[in-house]
There are 2 protein chains.
Amino acid sequence: MTRTPTRDLILAAAVRTAAEKGITGASMDEIADRAGVAKGSLYYNFPSKDAIFGQVVRDGFDRLDIALRQARGEAKGLSAMRAVTVATLEVLSDSPDRAKIVAAEIFRTDRPWADVVAPVRAGVVVHYREVLQEYAAARGESTDAITDIAGAAFLGAIAGAGLEWLLFHKERPLPEVAEQVLALMPR
Amino acid sequence: MTRTPTRDLILAAAVRTAAEKGITGASMDEIADRAGVAKGSLYYNFPSKDAIFGQVVRDGFDRLDIALRQARGEAKGLSAMRAVTVATLEVLSDSPDRAKIVAAEIFRTDRPWADVVAPVRAGVVVHYREVLQEYAAARGESTDAITDIAGAAFLGAIAGAGLEWLLFHKERPLPEVAEQVLALMPR
DNA sequence: GTCTATACAGTGATAGAC
DNA sequence: GTCTATCACTGTATAGAC
């Protein structure tokens, strides 16, 4: 029987609530209720609502970044494309609620935490771009034409497939979803 | 000098405001201000805030659906893949604000208008899936393996690239962005 | 058809007891 | 460290004058 720190209870409740109602729609009252603590405890553990969700979004990108680094370290070429796709889908399915929040927030530029999140987001896109470039190079093709936009397209393809999977076709196994994404890729 | 109906002024102001602050963050006060009308006029033209944004989101999918039907009518095979990609990017760049709203709302299942939007969303995904299937068939490959998840991946790829483009690399021409997406596709 | 004024519920945040 | 009680404020929506 491990005791979960209040801070983590709050973050988990915030994720669950915002997945349903969006960040602005998630009230501190409801987060406190779901966490099983009083609202005052929210403000003891975090300075503000923005601080809570800044942490949630940053955690999401951090988890993805760590998973991508590990996947890229273990494979190259086409295997790296597959490894990166699988790793991303695993992060999504580990926490679909968090994924929904990040997906909804990723293109908002006016958030208090936007300045902190933007570089992390850009760093994640670079992983996908570099994997695409390495694969193109391995096939003897030019890498010049592959920009961050292609990286964002790769990430978008995985996210689109992953969320469609988790929300509407949850019975499918993960490898099958990965194949649907990779079927789009050049070979 | 054409007179814009108040209803359209309100919808346009709602789109602009929600693109910055999200739907929940867009207040009726600010929408009225930006539309240049009184708050009471909002409630004369629409029964509620939800009704306004239900209309905004539905309009977004309708525009995309119309553009996709036209694009598919004019081209087949690889040309259809390109036509659909370009058409989607055109819809995005015609109204990036609306695109940001729809992108943020597309995976929310608790909205008042979710029941209306879900089938429209699914209908749009079918277009992408069918184009992928037709292209596979034209190359003599099996279409059985291509499901809605692949369709969602295609849409996700275009949306990811398109939003990266419009938000961070707006100087690039549209055809170049389309090529970045199509470079991911089998050939 | 659009305005002003207002009702009233819900919001993020704070203070102080335990 | 967590609680209860309460604050000032903003939100959606309504009523009625023009």
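By convention in this document, chain letters (A, B, ...) are assigned in the order of the sequence lines, proteins followed by strands, and residues within each chain are numbered from 1.
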- Can you tell me if A:Y128 and A:T88 form a side-chain donor-acceptor pair at under 3.5 Å? yes

- Message: From C-beta outward on B:S41, which listed nucleotide comes closest to its side chain: D:dC3, C:dT6, C:dT2?
- Response: C:dT2

- Query: B:K21 has an atom NZ; how far is it from atom P of D:dT10, in whole Å?
  - Reply: 12 Å

- d(CG, A:L9; P, D:dC3) in whole Å: 10 Å

- Item | B:E164 and A:R121 ion-paired at < 4.0 Å | yes

- Pick base, sugar-phosphate or nothing for A:N45, based on heavy-atom distances below 4.0 Å to the nucleic acid. sugar-phosphate

- Reckon B:S48 has a side-chain N or O less than 4.0 Å from the OP1 or OP2 of D:dT12? no

- Electrostatic pair A:D97-A:R16, nearest N-O below 4.0 angstrom: no

- Message: Looking at A:E74 and A:R69, is any side-chain nitrogen of the basic one under 4.0 Å from a carboxylate oxygen of the acidic one?
- Response: no

- C:dA13, D:dA13, C:dT4: which one has an atom nearest the side-chain heavy atoms of A:M28? C:dA13

- Rounded distance (Å) that lies between atom P of D:dT12 and atom CZ of B:F46: 15 Å

- Whole-Å distance separating the CD1 atom of A:I10 from the C1' atom of D:dT2: 10 Å

- Task: Kindly say if A:Y44 contacts the phosphate of D:dT2, meaning a side-chain N or O under 4.0 Å from OP1 or OP2.
- Result: no

- Message: Rounded to whole Å, please give me the gap between CZ in A:R7 and C1' in D:dT2.
- Response: 16 Å

- When you get a sec, tell me which of D:dA13, C:dC3, D:dC3 is the closest nucleotide to the side chain of A:A38? D:dC3

- Can you check whether A:R111's main-chain N or O pairs, donor with acceptor, with B:K21's side chain at less than 3.5 Å? no

- Task: Let me know, please, whether A:G25 or A:P47 comes out on the 5' side of the other along DNA chain C by nearest nucleotide.
- Result: A:G25

- Between C:dC3 (C1') and B:D33 (CG): distance, integer Å: 14 Å

- Query: Taking atom P of D:dT6 as reference, at what distance in whole Å does atom CG of A:D29 sit?
  - Reply: 15 Å

- Query: Just to confirm, is there a sub-4.0 Å distance from OP1 or OP2 of C:dA13 to any side-chain nitrogen or oxygen of A:Y43?
  - Reply: yes

- Note on the structure: Rounded to whole Å, CG of B:D50 lies from C1' of D:dT12 at a distance of 10 Å

- Which part of the nucleic acid, if any, lies within reach of B:A26 when heavy atoms closer than 4.0 Å are counted: base, sugar-phosphate only, or nothing? sugar-phosphate

- Query: Would you say a side-chain N or O of A:S27 is under 4.0 Å from OP1 or OP2 of C:dG10?
  - Reply: no

